[in-house]
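Structure first, commentary second.
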Amino acid sequence: QVQIVESGGGLVQPGGSLTLSCTVSGRSLTGYVLGWFRQAPGKAREIVSSINWSTTSTYYTPSAQGRFTISRDNDKNTGYLRMTSLTPEDTAIYYCSIGGSWGQGTEVTVSS
């Protein structure tokens, strides 16, 4: 059974950086797209970024473009989301998803 575990969340100051990790077990990621989503309290879940595991083609929502970088480590079956120039608007629970499965999320708080 596929298991998805996110990690790396925490409290950072505006302008700071944070790297999230998404480790997937129980499934080969070949041919799949790994996506990062986020949900702030009272708001709908939204796509942040995604990466095609095989081609490494990427997608970024406009608010993340230029600030976030998605990547993957095939040997570790892990996807990453490097976030820089963080603002309070980035505060949310970040979820990793692949093949219809979701992790439990990792909380990111951007505040001074």
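If you're wondering where the values come from, they're calculated on a predicted model, not measured in any experiment.
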Let me confirm one number: the [atom1]-[atom2] distance from [X] to [Y], rounded to the nearest 0.5 Å.
X	Y	atom1	atom2	answer
Trp102	Tyr95	CH2	OH	9.0 Å
Gln13	Thr87	CD	OG1	14.0 Å
Ile4	Thr23	CD1	OG1	10.5 Å
Leu18	Met83	CG	CE	4.5 Å
Gln3	Ser101	CD	OG	8.5 Å

Give a yes or no on whether the backbone of [Y] and the side-chain of [X] come within a donor-acceptor separation of less than 3.5 Å.
X	Y	value
Thr78	Lys76	yes
Asn74	Ser54	no
Tyr60	Ser50	no
Glu6	Gln104	yes
Ser49	Tyr59	yes
Asn77	Val24	yes
Arg67	Ser85	yes

**Message:** Centroid separation under 6.0 Å, is that true for the rings of Trp36 and Phe68?
**Reply:** no
**Asked** Does a donor on one side chain and an acceptor on the other come within less than 3.5 Å for Thr19 and Arg82?
**Response** yes
**Request:** Evaluate the criterion side-chain contact (heavy atoms from CB on, under 4.5 Å) for residue pair Val108 and Thr91; output intermediate values, then yes/no.
**Result:** CA-CA 5 Å; Val108 173; Thr91 296; 5.8 Å; no
**Asked** Is there a side-chain hydrogen bond (donor to acceptor under 3.5 Å, both in side chains) between Thr109 and Ser111 once you walk through the steps?
**Response** CA-CA 6 Å; Thr109 301; Ser111 176; over 6 Å; no
